[in-house]
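Heads up: the structure comes next, in structure tokens.
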Amino acid sequence: MQTANANRLTPYLFLAPAALVMAVALLYPIGYMIYASFLDWNPSQRIGEAEFVGLKNYIGLLSDAAFRESFFVTLKFAAVVVTLEMVLGVGLALLLDRNIRGMSVLRTLFILPMMIAPIVVGLMWRYMYHPSVGIFNRTLKSLGFEPVPWLSDGSWAFASVVIADVWQWTPFIFILSLAALQSLPRSAMEAARIDGATGWQQIVYIKLPLMMPVLIVTLLLRLIDAFKVLEVILVLTNGGPGLSTEILSLRISRTASEFRELGEAAAMSNYLLILLVILTFAMFAYNKAVEARAARLRKAAEEDL
Amino acid sequence: MAEKIYDKQNPAFYALLVALVVMAVGPIVMMLTTSLKLNVDIMSDSSSLLFMPTLRNYETALCDFLWYEAPHIDYCDKTFGRALVNSLIIALVSTVLTLVIGCMAAYALVRFRFMGRDTVSLSTLAMRMVPPAVLLVPVFGIWTFQFQIDGTRAGIILVYVAMNLPFVIWILQSFIVQVPIQLEEAARMDGAGPFQVFFLVVLPLIKPGLAAAAIFTFRVAWNEFLLANALADRNSRTVPVTIVNSITEFDIDWGVIMATGMLLAIPPIIFTFVASRQIITGMTAGAVKG
């Protein structure tokens with residue numbers, strides 16, 4: 001009897017600590033943030049003392065030019081970075097999917113940039129972009145070119161930040177697409193080869209379509225992470241010059257710590273979260289639609305037989 | 001070992017490979033060499049490869065751990081040494097806690113069929129969507145005013161454990177599913193209780209999964225900056241926070257700061273070389289197997 005009771009309780013005992021920690025330190029803060037976004041609240045106040053202002057934070061942000069600018073910068077950064085990384089990463093995977101010596105060493109070296117702290121990545125690139133001691137300007141000077149204002153000019157700074165992110169995250173796409181490529185059915189590839197498909201035709205008609213499900217998930221994961229990038233940009237430019245590289249995460253942290261507007265920062269966080277939720281659901285819906293269409297086509301093909 | 005047969009490739013292909021490796025590793029090597037240079041060498045215009053390597057920058061950063069007197073240090077700044085100790089404690093404790101708690105939860109979810117795998121995958125993805133910046137305001141508010149654990153290591157550890165749990169549960173689940181239930185039934189027949197089954201039968205079988213989960217958790221806790229910056233006070237600051245503090249200073253001492261960066265980068269680099277297979281498993285598990 002007692003053991004039966006113990007057995008019934010076991011799953012709850014096993015789950016309880018995880019449920020407790022996540023409820024206290026993850027779900028509660030998120031709920032708290034939603035509530036705080038309706039308050040006019042600065043860090044020296046307890047939350048009970050803050051004044052309830054309804055949607056004022058949200059409406060105020062919509063007409064705030066700096067917020068709109070940083071929202072736009074965030075979208076631009078995510079779009080540019082993810083596109084570049086997908087093209088480079090998938091391209092490299094297609095190119096390097098060969099039976100060569102030392103492939104595992106290569107993959108190990110490629111993971112390094114992702115494993116190192118973003119703070120350190122920012123540090124390395126800041127050094128390389130340095131106007132006088134950085135390697136880029138030194139090389140340019142020794143070749144007789146004008147030095148480039150990597151981090152001190154708005155559009156150059158944006159490009160510099162993009163380059164650093166592409167360096168750090170292209171390997172992620174590369175490794176995922178390489179894994180996808182190597183798990184493709186050999187039979188499809190052989191059939192294509194026997195039918196005389198050229199390399200390009202194999203890639204366009206066989207490999208890419210078969211990799212598509214993995215590529216979509218990869219794209220989604222990378223896109224989500226692109227909105228979370230903060231440390232590298234913080235170290236490189238701290239959002240400047242002007243607002244040229246101030247992505248939303250950075251603006252949230254500055255609003256909270258420098259401008260001391262916790263309510264506004266919370267409202268901003270909510271906007272960012274809503275954006276991410278919409279993106280994720282759009283991607284899921286698209287994925288489902290593609291699957292449904294494929295199923296319908298297959299069914300139609302079977303009926304024709 | 002059986003001899004593998006490799007395809008012959010043309011030389012341009014190898015040139016491309018070399019270029020890729022240089023691009024991937026170059027910045028890291030540059031950080032290493034800079035950390036071994038004196039500031040005179042860093043600033044000089046001459047070739048960047050010809051210099052006398054020196055450990056002075058490391059001695060400056062780690063001055064409170066030195067067992068000998070370094071002649072060039074006239075004032076020892078203990079900030080970095082303290083931060084290194086904090087970082088180690090925080091990363092290790094939160095990794096162990098996350099693994100223990102996450103492992104138990106994953107086991108319960110798989111064996112007692114609570115929720116479908118889909119529910120867990122979905123909530124993992126949902127949690128992954130939440131940027132640390134979004135947690136910044138509420139965590140700061142709650143930790144300071146309600147729990148009053150701001151400025152302590154325990155406070156920072158609590159956020160890290162919570163942040164990492166969804167991913168750890170999810171990845172461990174995919175390993176636990178593969179443990180044959182017959183093994184557990186046999187152990188139970190022999191009179192083992194649920195906890196014994198879990199610790200003596202299941203845990204040893206999912207070691208690769210544990211390794212992957214441990215590396216990912218450690219990496220997040222070791223590298224994180226934003227929340228640590230908001231929560232830590234002078235005594236609980238972690239290494240990323242001290243690094244950011246020192247680059248906002250007007251006069252950057254590149255040699256020393258590169259040495260601290262290198263010290264922060266060393267543990268993840270070691271993990272990568274020791275366990276790249278587990279890392280790749282962890283990274284691809286989500287996308288490729290679905």
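Here the structure is a predicted model, which is why all the values come from computation and not from measurement. Below, chain A is the first sequence line, B the second, and so on; all start at residue 1.
With a 4.5 angstrom heavy-atom cutoff, A:Leu106 touches chain B only via side-chain atoms. Interface remark: A:Val121 contributes no atoms to any contact with chain B (heavy atom separation under 4.5 Å). Residue contact with chain A, scored on non-hydrogen atoms closer than 4.5 Å, is absent for B:Thr98. For chain A, the nearby part of B:Ile279 is the side chain; its heavy atoms alone come within less than 4.5 Å. With a 4.5 angstrom heavy-atom cutoff, B:Leu97 does not touch chain A via any of its atoms. When heavy atoms are compared at a cutoff of 4.5 Å, B:Ile266 does not approach chain A at all. A:Leu279 does not touch chain B: none of its heavy atoms, backbone or side chain, sits under 4.5 Å away. Residue contact with chain A, scored on non-hydrogen atoms closer than 4.5 Å, involves the backbone and the side chain of B:Leu158 alike. With a 4.5 Å cut-off on non-hydrogen atoms, A:Asn270 does not touch chain B at all. In this structure, the portions of A:Met114 lying under 4.5 Å from any heavy atom of chain B include both its backbone and its side chain. Heavy atoms of A:Met128 lying under 4.5 Å from chain B belong exclusively to its side chain. Both the backbone and the side chain of A:Leu276 come within contact range of chain B, judged by heavy atoms closer than 4.5 Å. When heavy atoms are compared at a cutoff of 4.5 Å, B:Met262 does not approach chain A at all. The part of A:Leu220 that comes within reach of chain B is its side chain, from C-beta onward, which places non-hydrogen atoms under 4.5 angstrom from that chain.
Considering only heavy atoms from C-beta on, B:Phe273 comes within 4.5 Å of A:Leu109 through its side chain. The side-chain heavy atoms of A:Ser269 and B:Leu136, taken from C-beta on, include no pair separated by under 4.5 Å. With a 4.5 Å cut-off on side-chain heavy atoms, A:Tyr127 and B:Met31 do not count as touching. Under the 4.5 Å side-chain criterion, counting only non-hydrogen atoms from C-beta, B:Ser276 is not in contact with A:Arg107. Under the 4.5 Å side-chain criterion, counting only non-hydrogen atoms from C-beta, B:Pro131 is in contact with A:Leu273. Side-chain contact between B:Met104 and A:Leu15 is absent, with no heavy atoms from C-beta onward closer than 4.5 Å. Residues B:Val159 and A:Leu26 form no side-chain contact, since every pair of their non-hydrogen atoms from C-beta on lies 4.5 Å or further apart. Between B:Pro132 and A:Leu230, every side-chain heavy-atom pair lies at or beyond the 4.5 Å cut-off.
Listed options A:Ile34, A:Leu250, A:Val21 were ranked by heavy-atom pairs under 4.5 angstrom with chain B; first place goes to A:Val21. With respect to chain A, the highest number of heavy-atom pairs below 4.5 Å among B:Val139, B:Ile257, B:Thr260 belongs to B:Ile257. Ranked by non-hydrogen atom pairs under 4.5 Å with chain B, the options A:Leu272, A:Ile252, A:Leu262 are led by A:Leu262. Looking only at heavy-atom pairs under 4.5 Å with chain A, the residue among B:Ile28, B:Leu135, B:Ile243, B:Ile215 that has the most is B:Ile28.
The OG1 atom of A:Thr108 sits 6.0 Å away from atom CD1 of B:Ile280, with the distance rounded to the nearest 0.5 Å. Here the CD1 atom belonging to A:Ile116 is positioned 9.0 Å from the CG atom belonging to B:Leu264, to the nearest 0.5 angstrom. The CE atom of A:Met115 sits 10.0 Å away from atom CD1 of B:Ile269, with the distance rounded to the nearest 0.5 Å. Atoms CZ and CG, from B:Phe225 and A:Leu234 in turn, are 5.0 Å apart once rounded to the nearest 0.5 Å.
The shortest non-hydrogen separation linking A:Glu231 to B:Leu226 is OE2-N, 4.2 Å. Between A:Pro118 and B:Asn223, the closest heavy-atom pair is CD-CB, 4.0 Å. Scanning all heavy atoms of the two residues, the minimum distance from B:Met258 to A:Leu123 falls at CE-O, 4.0 Å. Closest non-hydrogen pair, A:Ile119 versus B:Pro240, comes out as CG1-CB, 4.0 Å. Residue A:Pro29 comes nearest to B:Ile142 through the heavy atom pair CA-CD1, 3.7 Å, listed as atom of the first residue, atom of the second, then distance. Contact detail for A:Met22 and B:Pro166: the closest heavy-atom pair is SD-CD, 4.0 Å.
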| query | Stepwise, does the side chain to side chain contact (heavy atoms under 4.5 Å, CB included) test hold for A:Tyr32 with B:Val137? | reply | CA-CA 9 Å; A:Tyr32 195 91; B:Val137 173; over 6 Å; no
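The side chain to side chain donor-acceptor pair (under 3.5 Å) check on A:Asp165 picks up A:Arg222, with sequence neighbours excluded. With sequence neighbours left out, A:Tyr129 forms a ring pair (Phe, Tyr, Trp, His ring centres under 6.0 Å) with A:Trp125, A:Phe136, A:Trp150.
A donor-acceptor contact shorter than 3.5 Å is absent between the side chain of B:Trp222 and the backbone of A:Ala117.
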